[in-house]
Amino acid sequence: MSSFKEIGVSKWLIEALNAMKIYDPTDIQKACIPAILSGHDCIGGAKTGSGKTIAFAAPMLTKWSEDPMGIFGLVLTPTRELALQIAEQFAALGASMNIRIAVVVGGEDMMKQAIQLQNRPHFVIATPGRLADHIMHSGEETISGLRRVKYLVLDEADRLLSNSFGKDLGRCFDVLPSSDQRQTLLFTATVTDSVRALKDKPVPEGKPPVFIHEIDSVDKIAIPAKLDISYLFLPSYVKEAYLFSLLTLEENKDKTAIVFVNRTHTAEVLRRTLMNLEIRVTSLHSEMPQSERTNALHRFKAGAARVLIATDVASRGLDIPTVQMVLNYDIPADADDFVHRVGRTARAGRSGEAVSFVTEKDVERILSIEERINKKMDKYEQITDNLVIKSSLKETSIAKREALMAMEKDGFGEKKRINKMKREGEKPAVNKVTKKTKKVKKVKKSSD
Ligand SMILES: Nc1ncnc2c1ncn2[C@@H]1O[C@H](COP(=O)(O)OP(=O)(O)OP(=O)(O)O)[C@@H](O)[C@H]1O
């Protein structure tokens, strides 16, 4: 078996890895680290939780320690929370080498970030929107370091290469060295056509990219070996009652779980409903101010909340080893989002389970997910209609009604509604609820 030493990782870094109880490289690390160290671009596709972060961090940190200049590497990632997590990992690995990291994400102070960028950090971990903001609005002094980066990483590459990031990514690329003057590293658990296409892109002076994909079939995606996936067929109007029943089953009542929903409104309804039912719950979605997002994640990681209700802002990359269960309260439209969501459990060789709530409207989506992962889901047998009717239907409907009333009183979603109307050129009506929203905590306008 190849060791970190045999594949070329620096001694100081091996010590730092060992201090984190990481002793032997995973398959994706064994495949990518030597290729990156020898100067190749790399496209790494491997299951969720298989150690892709260290697959790009270890070779970059090894090379950086030989010539610790700044800005040595730029890591782009789609969400703020993921950027913070990657930055924490770099900071922990490089602590003995006095590493300097700048985190450049939306929702945080622009000025502070500009100063950090001017101070030539060794690594910048950023979301494309906020980095593009700095590129457009800060002086040359702030961004000049970016013109000499040696490594560019696109983590969750398929997401970054999707249309929604195109413009911001383009602005970032404009100031980076050309592809033959830097190494480009792309990683994801869900290799898509747009990612795969880059392997055939001619590289004028550089070495050809190494493409590593753990399964032979290019249009299938592997999920972790110890992840049990099942479905629960239920009527759409009693989903809350099923959720409460499932979370409070004897075998589940102490499990740490993430519940994924498709809309921020659903996240808020469920958070309040479950809170009324005395479940230790928190939530994470894009309509929360950044300080609340960070706080919610801290509470969940620390065990102060047992259940996290989240939209897809939490579906990618987040590494919380204590998560035992993922519930898809809503089924995502994109099969790859399913893969990322369920991958929040069963990480680094651990076991975990994922249960998907399937209503009459979701059958098509489930079939396309099963095709993408090349696997059939089992039926979740532990919950019966009788159990739900007997144990939770009444109390959940009362809890939900109270939740909805409180949300109306607090004006949840008003800001979003007004912004949408403004975008569409309509004049927002100032009603009673609108007035109340002024008292509700200010949601900071921010780019991701
Ligand atoms: N060689 C290793 N041995 C043991 N644990 C490891 C090793 N490499 C990484 N890990 C741990 O595995 C966990 C998952 O790693 P990481 O977050 O990099 O996964 P990933 O492949 O990027 O997943 P995702 O696709 O969900 O982003 C982390 O807690 C990490 O510390």
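Atoms within a ligand are numbered from 1 in the order they appear, just like the ligands themselves. Here, residue 1 is the first one in the sequence, and each next residue gets the next number. For clarity, every value in this text was computed on a predicted model and none was experimentally measured.
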> Hey, mind stepping through Val261 and His285 against side chain to side chain contact (heavy atoms under 4.5 Å, CB included) and telling me if it holds?
Replying inline: CA-CA 10 Å; Val261 296; His285 57 75; over 6 Å; no
> Can we say Asp174 and Arg171 salt-bridge, meaning some charged N sits less than 4.0 Å from an Asp/Glu carboxylate O?
Replying inline: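 So Asp174 does not pair with Arg171 through a salt bridge.
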>> I'd like to know if Lys255 and Glu353 make a salt bridge, using a cut-off of under 4.0 Å between side-chain N and carboxylate O.
In response: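 Result for this pair is yes, salt bridge flagged.
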>> Can you list everything that forms a salt bridge (charged side-chain N to carboxylate O under 4.0 Å, His left out) with Glu156? Sequence neighbours excluded, please.
In response: Arg316
> Can you list every salt bridge (charged side-chain N to carboxylate O under 4.0 Å, His left out) pair that touches residues 342-351, not counting sequence neighbours?
Replying inline: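 Of all non-adjacent pairs touching residues 342-351, those that pass salt bridge (charged side-chain N to carboxylate O under 4.0 Å, His left out) are Asp319-Arg347.
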>> Going by ring-ring contact (aromatic ring centres under 6.0 Å, His included), name the pairs with one or both residues in residues 299-343, residues two or more places apart or in two chains.
In response: Tyr329-Phe357
When you check ligand 1 against the protein, what N or O pairs turn up below 3.5 Å? List the atom names and distances, or just say none.
unit_1: ligand 1; atom_1: 1 (N); unit_2: Asp24; atom_2: O; d: 2.7
unit_1: ligand 1; atom_1: 1 (N); unit_2: Gln29; atom_2: OE1; d: 3.0
unit_1: ligand 1; atom_1: 8 (N); unit_2: Gln29; atom_2: NE2; d: 2.8
unit_1: ligand 1; atom_1: 17 (O); unit_2: Arg347; atom_2: NH2; d: 3.0
unit_1: ligand 1; atom_1: 18 (O); unit_2: Lys52; atom_2: N; d: 3.3
unit_1: ligand 1; atom_1: 18 (O); unit_2: Thr53; atom_2: N; d: 3.0
unit_1: ligand 1; atom_1: 18 (O); unit_2: Thr53; atom_2: OG1; d: 2.7
unit_1: ligand 1; atom_1: 19 (O); unit_2: Gly51; atom_2: N; d: 3.4
unit_1: ligand 1; atom_1: 19 (O); unit_2: Arg347; atom_2: NH2; d: 3.2
unit_1: ligand 1; atom_1: 21 (O); unit_2: Ser50; atom_2: N; d: 3.1
unit_1: ligand 1; atom_1: 21 (O); unit_2: Gly51; atom_2: N; d: 3.1
unit_1: ligand 1; atom_1: 21 (O); unit_2: Lys52; atom_2: N; d: 3.0
unit_1: ligand 1; atom_1: 21 (O); unit_2: Lys52; atom_2: NZ; d: 2.8
unit_1: ligand 1; atom_1: 23 (O); unit_2: Gly49; atom_2: N; d: 2.8
unit_1: ligand 1; atom_1: 23 (O); unit_2: Arg347; atom_2: NH2; d: 3.1
unit_1: ligand 1; atom_1: 25 (O); unit_2: Lys52; atom_2: NZ; d: 2.7
unit_1: ligand 1; atom_1: 26 (O); unit_2: Arg344; atom_2: NH1; d: 3.0
unit_1: ligand 1; atom_1: 26 (O); unit_2: Arg344; atom_2: NH2; d: 2.8
unit_1: ligand 1; atom_1: 26 (O); unit_2: Arg347; atom_2: NH1; d: 2.8
unit_1: ligand 1; atom_1: 26 (O); unit_2: Arg347; atom_2: NH2; d: 3.3
unit_1: ligand 1; atom_1: 27 (O); unit_2: Glu156; atom_2: OE2; d: 3.4
unit_1: ligand 1; atom_1: 29 (O); unit_2: Asp319; atom_2: OD1; d: 3.4
unit_1: ligand 1; atom_1: 29 (O); unit_2: Asp319; atom_2: OD2; d: 2.5

